[in-house]
Enquirer: 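Encoded as structure tokens, here's the structure I'll be asking about.
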Amino acid sequence: PDAGPAEPLGVRLSVLLTKLQLQAADVDTAMQEASLTLAHMAPSVAADVGAAQEQARSTRGELAALLEQAAAIEASSAAAVREIRQVLSF
């Protein structure tokens, strides 16, 4: 069977160029949608990061207080042991 006349090169190039333009438009649309999604998420992500930073500050404060308490207990225990040794040495 006859395949018919071949398309002129200019027509084929035009069709390919149109397909490329449509694909580029699809990519551009996808990038815009992704950008909008990220922009929409940014405030909640920033809030989550802020909350995590506050929790870290709070935890560091609690840890510092616990370390101070542990040091005070250690000093008190050392003093008590000295007193007991003095009493036992007589």
Side-chain angles (χ1 to χ4, degrees):
D2 186 27
E7 291 181 337
L9 182 60
V11 172
R12 290 183 70 201
L13 289 175
S14 178
V15 169
L16 289 175
L17 181 59
T18 301
K19 286 181 180 181
L20 285 174
Q21 288 173 337
L22 290 172
Q23 289 176 350
D26 290 344
V27 169
D28 186 51
T29 299
M31 290 298 293
Q32 286 180 359
E33 289 173 357
S35 295
L36 289 173
T37 299
L38 288 174
H40 179 70
M41 292 171 51
S44 64
V45 170
D48 291 346
V49 169
Q53 288 175 332
E54 182 55 38
Q55 286 177 338
R57 276 192 291 274
S58 175
T59 301
R60 280 193 298 270
E62 291 172 10
L63 180 58
L66 289 172
L67 289 173
E68 287 178 14
Q69 289 176 358
I73 290 170
E74 183 180 14
S76 173
S77 294
V81 167
R82 276 193 303 273
E83 289 178 19
I84 291 171
R85 284 186 178 154
Q86 287 176 353
V87 168
L88 293 176
S89 68
F90 287 118

Enquirer: Kindly compute the distance separating CD (E54) from OG1 (T59), expressed to the nearest 0.5 Å.
Expert: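 Result: 9.5 Å between the selected atoms.
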Enquirer: Atom CG in L88, atom CD in E83: separation rounded to 0.5 Å?
Expert: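 Atom-to-atom, L88:CG and E83:CD are 11.5 Å apart.
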Enquirer: Between atom CD1 of I84 and atom OG of S77, what is the distance when rounded to the nearest 0.5 Å?
Expert: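 Between I84 CD1 and S77 OG, I get 9.5 Å after rounding to 0.5 Å.
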Enquirer: Please tell me if the side chains of V11 and P8 come closer than 4.5 Å, counting only heavy atoms from C-beta onward.
Expert: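 In contact.
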Enquirer: Step through the shown structure and confirm whether more than 12 heavy atoms of other residues, nucleotides or ligands are within 6.0 Å of CD on E74.
Expert: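 Atom CD in E74 is not packed in, count stays at 12 or less.
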Enquirer: Report the distance from atom CD of E68 to atom CG of L63, rounding to the nearest 0.5 Å.
Expert: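 CG of L63 is found 10.5 Å from CD of E68.
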Enquirer: Rounded to the nearest 0.5 Å, what separation is found between the OG atom of S14 and the NZ atom of K19?
Expert: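 Separation between the atoms: 11.5 Å.
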Enquirer: Any heavy-atom pair between the side chains of L20 and Q23 that's under 4.5 Å?
Expert: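 Yes, at least one pair of side-chain atoms sits under 4.5 Å.
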Enquirer: In terms of heavy-atom contacts, does CZ of R85 have more than 12 from other residues, nucleotides or ligands at under 6.0 Å?
Expert: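 Atom CZ in R85 is not packed in, count stays at 12 or less.
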Enquirer: Can you give each donor-acceptor pair under 3.5 Å made by side-chain atoms of residues 29-39, sequence neighbours left out, with the distance rounded to 0.1 Å?
Expert:
{"residue": "T29", "atom": "OG1", "partner": "A25", "partner atom": "O", "Å": "2.9"}
{"residue": "Q32", "atom": "NE2", "partner": "D28", "partner atom": "OD2", "Å": "3.4"}
{"residue": "S35", "atom": "OG", "partner": "M31", "partner atom": "O", "Å": "2.9"}
{"residue": "T37", "atom": "OG1", "partner": "E33", "partner atom": "O", "Å": "2.9"}

